[in-house]
Each structure stands twice: as C-alpha cells, then as structure tokens.
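These notes are about the structure you will find just below.
On a predicted model such as this, the values are computed, not experimentally measured, just so you know. Counting starts at 1 for both ligands and their atoms, in listed order.
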Amino acid sequence: MIKKRERILITGCGGMLGEGVYHNLKNRCKVFATDKDVNEPWLEYLDVSLSNDVEKYLRKTNPDYIVHLAAFTDMEYCETNPEEAYATNEGGVKNFLAYARKNNTPFVYISTAGIFDGEKDAYSEDDKPNPLSIYGKSKYAGELAAQSVKHSIIIRAGWMMGGGPNKDKKFINKIIKQLQAGAEELSVVDDKLGTPCYTYDLARIIEHLLDKRACGVYHGACSGSGSRYDVAKHLITQLSLDSRVKVKKVDSQFFKESYFAPRPRSEKLLNTKIPHLIRDWRVCLEEYIKKFDWKLINKN
Ligand SMILES: NC(=O)c1ccc[n+]([C@@H]2O[C@H](COP(=O)([O-])OP(=O)(O)OC[C@H]3O[C@@H](n4cnc5c(N)ncnc54)[C@H](OP(=O)(O)O)[C@@H]3O)[C@@H](O)[C@H]2O)c1
C-alpha cells in the first residue's frame, strides 16, 4: 500500500494521462508532478532526456515510486525525428534506472499496443513485440530498459482517450475539433483495429498495481475492441449528432500524406491479468463525453 508519508515522482504529468494520474494520486501521498510542458500550477519542469537534470531532481525529491509517463507521442513527429524520439522514449527511461535499481524503487512505465506488428488479431501480455514505427520501436526500447528494474510495472495502453478539450491530443479530440469547425461529414478509417484506453481507468490501474507492489507486464486498455470508424460512430451517437453528421468509411490510404508513420492493422489488446479493473470502451467513452464541456452545439 502507498503510505501517506511516501513520495511519488510522476514524469510527463502535463499530458492527457498525467491529468488523471495526478488527480488520482495527489491525496494518497506527496506527489512531485513534472513535465517539460508546465501547463498546470501543480507541475514542475523536468526534461527526462537530460540525465544531469534527472539525477539532480531525484537527489532533491528522493521518491519512493516513479511513474514514468513522459514520451513523445506524436507518431509522425517521431518518424521524422528519430533521434529525439529515442532520446526521450528510451533515453528518458534509462536516466532513472540507476536510482531505481539502487533504491529498489517501483518504476511504472506506460508502453503501447504499437509495439506489436498487427499481424495477429489481438495481443496478450505474452505475445512477441515487433514494432513497425519509430514511435513503436523507441517505446519498445524504453520497455526493455524498464524491464531491467526489479520492481518495474509495464502497462501497455491502447488508443488513449482522456484529458478533455485542452489536453486530449488524440482521436476523440481530433474528431471533436472537426465538429467544432462545422464538419457534416467525417472520413474515418475502418481498416485499423484497436482497443481504446480510458485515462481515468488507467490511472486507477496504476494506483492499484502500486498498492499491490505488483511487477511485470500488464495490458491496461479497456475491454472490447473496434475500428476507428466504430469509435467515431459511437462518439457521434453519444453527442446526439447522428442526424447531422455522416461518418464515411475510408481506408488508411486516404490519410497516407498526413498519417505517414506505419501503423499496425490490429492494435487490439487482451487484458488477461487484470480484467476486473477494466470496463468496456463504449461505457468509458460515454462517461468521457459527459465529463467535459466540449463546446458543441447540438443541432438535432
Ligand atoms: N496517447 C496515446 O495514444 C498513448 C497510447 C499508448 C501509450 N501511451 C503512452 O502513455 C504515456 C502518457 O502519454 P499521454 O497519452 O499522456 O500523451 P501526452 O499527452 O503526449 O503526454 C506525454 C507528456 O510527456 C511530455 N514530454 C515529452 N517529452 C518529454 C521530456 N523529454 N521530458 C518530460 N516530459 C516530456 C509531453 O510534453 P509535450 O506535449 O510538450 O511533448 C506530454 O506532456 C506515454 O508514455 C505514451 O507513450 C500513449
């Protein structure tokens, strides 16, 4: 169990998952929330790719747990800037290893379904990774580095949804931004399959695994699966926009200029170790939509 007097360092906490993780842990013990994007009053600056800065920060805060969320998550940026991607996604993990090994510190690392090649229909925790993109490769390199810590907890996430209008950089908010701009027809791929992952449920999984002093590899996405098209259709229904907005199926070739990083055909994750901690992605999406004011005018 995490004790009130203990200290948790969270990296990359200004992002979409960090928002949920911070609010979930902040009353459990002393939390040091850091990011290189200091977008909240409760965040401190820490760039995980700078080993001297990391070392100094660890000396100053002496954490009992490290929850490492910092990463470059834009797949196209990673594809065109591989050195930066590796410096943060792999190097950013390595900078914590000496401290974690020396102090037996539980180290949480969030990996991705993108470490698989998508040739199988769905992936369990024991399936063999074979990443296709620079993002996937650099995240898998980070996963291998994290595995070298005795008390590492590696949680592979799926298609992230959470953080709300200001922090969500991914699919749900990209669709919502099109709707805000007045789109009446959305083109959405139906040849990419996956499992959405709700940041607020993942935050609870992180807390649970830290409390249990667990270690090993886990899958932390929601239950159920679908294509991007299925997710967009469900979102439009939840927003009561079915009669106004048409969702058109396209294949990945349609977006080959803007989304050029290679993506697996299937990123479906099976959660065989902690199935009791997850909910169906549709239930989570419904909750997510109600949680924030998305500033959409419902014209139904
Ligand atoms: N988003 C997804 O779909 C997804 C799926 C599976 C796994 N994950 C993993 O989940 C974790 C959390 O990601 P997220 O979904 O919350 O994405 P996010 O919103 O992009 O959050 C990541 C945060 O890390 C920050 N960061 C980047 N480089 C850094 C550095 N060198 N030092 C310190 N902070 C740095 C980012 O700042 P900037 O915004 O300024 O870059 C951002 O605030 C990541 O490890 C990610 O790889 C994400």
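Within ligand 1, the atoms closer than 4.0 Å to a non-hydrogen atom of Ala157 are 6 (C), 7 (C), numbered from 1 in the order shown. Close approach of ligand 1 to Asp37 (heavy-atom distance below 4.0 Å) involves ligand atoms 40 (O). For ligand 1, the atoms sitting less than 4.0 Å from at least one non-hydrogen atom of Leu17 are 16 (O), numbered in the order shown with element in parentheses. Close approach of ligand 1 to Thr73 (heavy-atom distance below 4.0 Å) involves ligand atoms 13 (O), 17 (O), 18 (P), 20 (O), 46 (C), 47 (O). Near Thr112, meaning under 4.0 Å from one of its heavy atoms, ligand 1 places the atoms 6 (C), 7 (C). Close approach of ligand 1 to Ala70 is summarised as follows: ligand atoms under 4.0 Å from at least one heavy atom of the residue are 24 (O), 33 (C), 34 (N), 35 (C). Less than 4.0 angstrom separates some heavy atom of Gly12 from each of these atoms of ligand 1: 23 (C), 24 (O). Near Leu46, meaning under 4.0 Å from one of its heavy atoms, ligand 1 places the atoms 32 (N), 33 (C).
Because its NZ or CZ atom is both nearer than 6.0 Å to the ring centre of Tyr200 and within 45° of the ring axis, Lys291 counts as a cation-pi partner of that residue. Geometric assessment of Arg279 against the ring of Tyr198 yields a negative cation-pi assignment under the 6.0 Å and 45° thresholds.
Scanning all protein heavy atoms for the shortest distance to atom 15 (O) of ligand 1 gives Met16 CG, 3.3 Å. The protein non-hydrogen atom at the shortest distance from atom 2 (C) of ligand 1 is Met160 CB, 3.3 Å. For atom 45 (O) of ligand 1, the closest non-hydrogen atom of the protein is Lys139 NZ, 2.7 Å. The shortest contact between atom 28 (N) of ligand 1 and any protein heavy atom is with Lys36 CE, 3.4 Å. In terms of protein heavy-atom proximity, atom 22 (C) of ligand 1 is nearest to Ala71 O, 3.7 Å. Nearest protein neighbour of atom 5 (C) of ligand 1, counting heavy atoms only, is Gly158 O, 3.1 Å. Looking at atom 44 (C) of ligand 1, its nearest protein heavy atom turns out to be Leu69 O, 3.0 Å. In this structure, atom 32 (N) of ligand 1 lies nearest to the protein heavy atom Val48 N, 2.9 Å.
Between the side chains of Glu44 and Tyr57, a donor-acceptor pair is found at a separation under 3.5 Å. Residues Asp190 and Ser227 have side chains that never bring a donor and an acceptor to within less than 3.5 angstrom of each other. Side-chain atoms of Glu19 and Thr199 include no donor-acceptor pair closer than 3.5 Å. Looking at Asp121 and Ser266, their side chains never bring a donor and an acceptor atom within 3.5 Å of each other. For the residue pair Gln238 / Tyr288, no side-chain donor-acceptor distance below 3.5 Å is found, with atom types taken as modelled. For the residue pair Tyr99 / Asn62, a side-chain donor-acceptor distance below 3.5 Å is found, with atom types taken as modelled.
Using a 4.0 Å cut-off between heavy atoms, Ser111 contacts ligand 1 through its backbone alone, with no side-chain atom that close. Proximity of Lys169 to ligand 1, defined as any heavy-atom pair under 4.0 Å, is confined to the side chain (atoms from C-beta onward). The part of Lys170 lying near ligand 1 is the side chain, judged by heavy-atom distances below 4.0 Å. Contact annotation for Asp47 and ligand 1: heavy atoms of both the backbone and the side chain come within less than 4.0 Å of the ligand. Contacts between Ile110 and ligand 1 below 4.0 angstrom, taking non-hydrogen atoms only, involve backbone and side chain alike. Proximity of Tyr135 to ligand 1, defined as any heavy-atom pair under 4.0 Å, is confined to the side chain (atoms from C-beta onward). With a heavy-atom cut-off of 4.0 Å, Thr11 does not touch ligand 1 at all.
Ser133 contributes atom OG, which lies 11.0 Å from atom CD1 of Ile115 (distance to the nearest 0.5 angstrom). The SG atom of Cys197 sits 11.5 Å away from atom CD of Glu267, with the distance rounded to the nearest 0.5 Å.
Ring geometry, His208 versus His276: the interplanar angle exceeds 60°, so the pair is classed perpendicular (tilted spans 30 to 60°). Ring-plane geometry between His234 and Trp281 is classed as perpendicular, the angle between the planes exceeding 60 degrees on a 0 to 90 degree scale with a lower cut at 30.
Ionic pairing of Arg28 and Asp211 is present here: one or more N-O contacts between side-chain nitrogen and carboxylate oxygen are shorter than 4.0 angstrom.
Considering only non-hydrogen atoms, atom 36 (C) of ligand 1 lies nearest to Asp35 out of Asp35, Thr199, Thr88, Thr34.
Sequence neighbours left out, the pairs with a member in residues 216-225 that pass side chain to side chain donor-acceptor pair (under 3.5 Å) are Arg156-His219.
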